[in-house]
Amino acid sequence: MRLCRFDDNRLGLVEGGTVTDVTAALDVLPACRYPLPGWDLLIEHLDAVRARVQTVRAVGKPVPLERVTLRSPVANPGKIIAAPVNYQKHLDEVRSDSQIHAGNPAHTITIQQAGVFLKANSSLVGPGDGVTLRKSDRRTDHEVELAFVIGRRASHVSSADALQYVAGYAIGLDISIRGSEDRSLRKSADSYTVLGPWLVTADDVPNPGTLDLEISVNGQQRQKSNTKYLILGVPELIELASSFYTLHPGDIVLTGTPEGVSPIEPGDRIVATIAGIGSMQVHVHG
Ligand code: MN
């Protein structure tokens with residue numbers, strides 16, 4: 001099942017090139033009062049929401065996807081985790097290009113040495129929101145990445161069991177200012193995490209380790225790879241992250257980017273595609 005969030009917090013069922021408003025399915029979520037849970041309620045209750053979607057879809061009228069504005073399919077993640085240098089050819093280009101590594105030795109070590117990092121939740125947007133460049137005088141790059149969303153509480157999970165903890169998959173953009181600062185700062189500007197175009201539930205992605213992914217800017221292909229080249233795959237990333245902290249429903253994990261990162265500028269039109277998930281268009285604003 002493909003679920004999107006669109007326009008003013010509507011829930012949508014995506015089929016073919018259409019979206020059907022199934023916002024009424026959110027009625028199955030528990031009412032909350034302050035303090036709110038520190039994780040995403042929709043993802044926590046995804047099975048119940050999906051069952052309700054099958055009922056309420058009958059009264060909805062499909063409209064073309066082009067007519068809606070796509071937001072991040074996860075509204076309230078507890079955290080956004082990201083994997084650095086998780087493709088060998090990307091590590092090679094980081095090591096060989098001073099504009100990318102910026103002279104910081106911390107940027108050229110392996111993922112086994114570096115571990116994962118966190119991006120600010122306030123950086124999260126959907127494809128329809130677009131990216132607004134924050135530091136116009138700094139090189140800022142696109143990074144296309146397979147993203148996944150945690151479906152249930154996970155602590156000390158082994159890689160053998162890890163895929164049972166995934167709610168679904170999406171395309172992630174890890175927009176990155178190049179420079180000497182810590183990744184968590186350079187990659188956390190407002191709108192520098194794009195998640196979309198929708199959540200594809202895990203049952204529709206039987207093997208996240210064999211997906212073609214690519215990105216083009218203004219019609220020119222910049223990155224093209226396959227998730228089989230991930231150094232740490234989805235199960236290994238869950239094992240690593242859950243050994244340090246508990247993962248909660250709605251936590252987002254960006255799995256890392258392949259080679260071919262390059263600068264973006266105001267006015268650019270990005271198209272990112274992952275096989276089995278879909279394609280999303282993102283505009284870059286100044
Ligand atoms: Mn990245």
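Residue numbers run from 1 in the order of the sequence given. Whatever order the structure lists them in is the order used to number ligands and atoms, beginning at 1.
We find the CD1-CD distance between Ile215 and Glu145 to be 9.5 Å, quoted to the nearest 0.5 Å. Between atom NZ of residue Lys187 and atom CG of residue Asp174 there is a gap of 3.5 Å, rounded to the nearest 0.5 Å.
Within Glu145, the N/O/S atom positioned nearest the Mn ion (ligand 1) carries the name OE2. If you look at Glu143 and ask which of its N, O or S atoms sits nearest the Mn ion (ligand 1), the answer is OE1. When the Mn ion (ligand 1) is compared with the N/O/S atoms of Asp174, atom OD2 turns out nearest.
With Pro197 as the fixed residue, the side chain to side chain contact (heavy atoms under 4.5 Å, CB included) test singles out one of Val282, Leu70, Val14: Leu70.
Ring geometry for Tyr169 against Phe148 counts as tilted: the plane angle lies between 30° and 60°, on a 0 to 90° scale.
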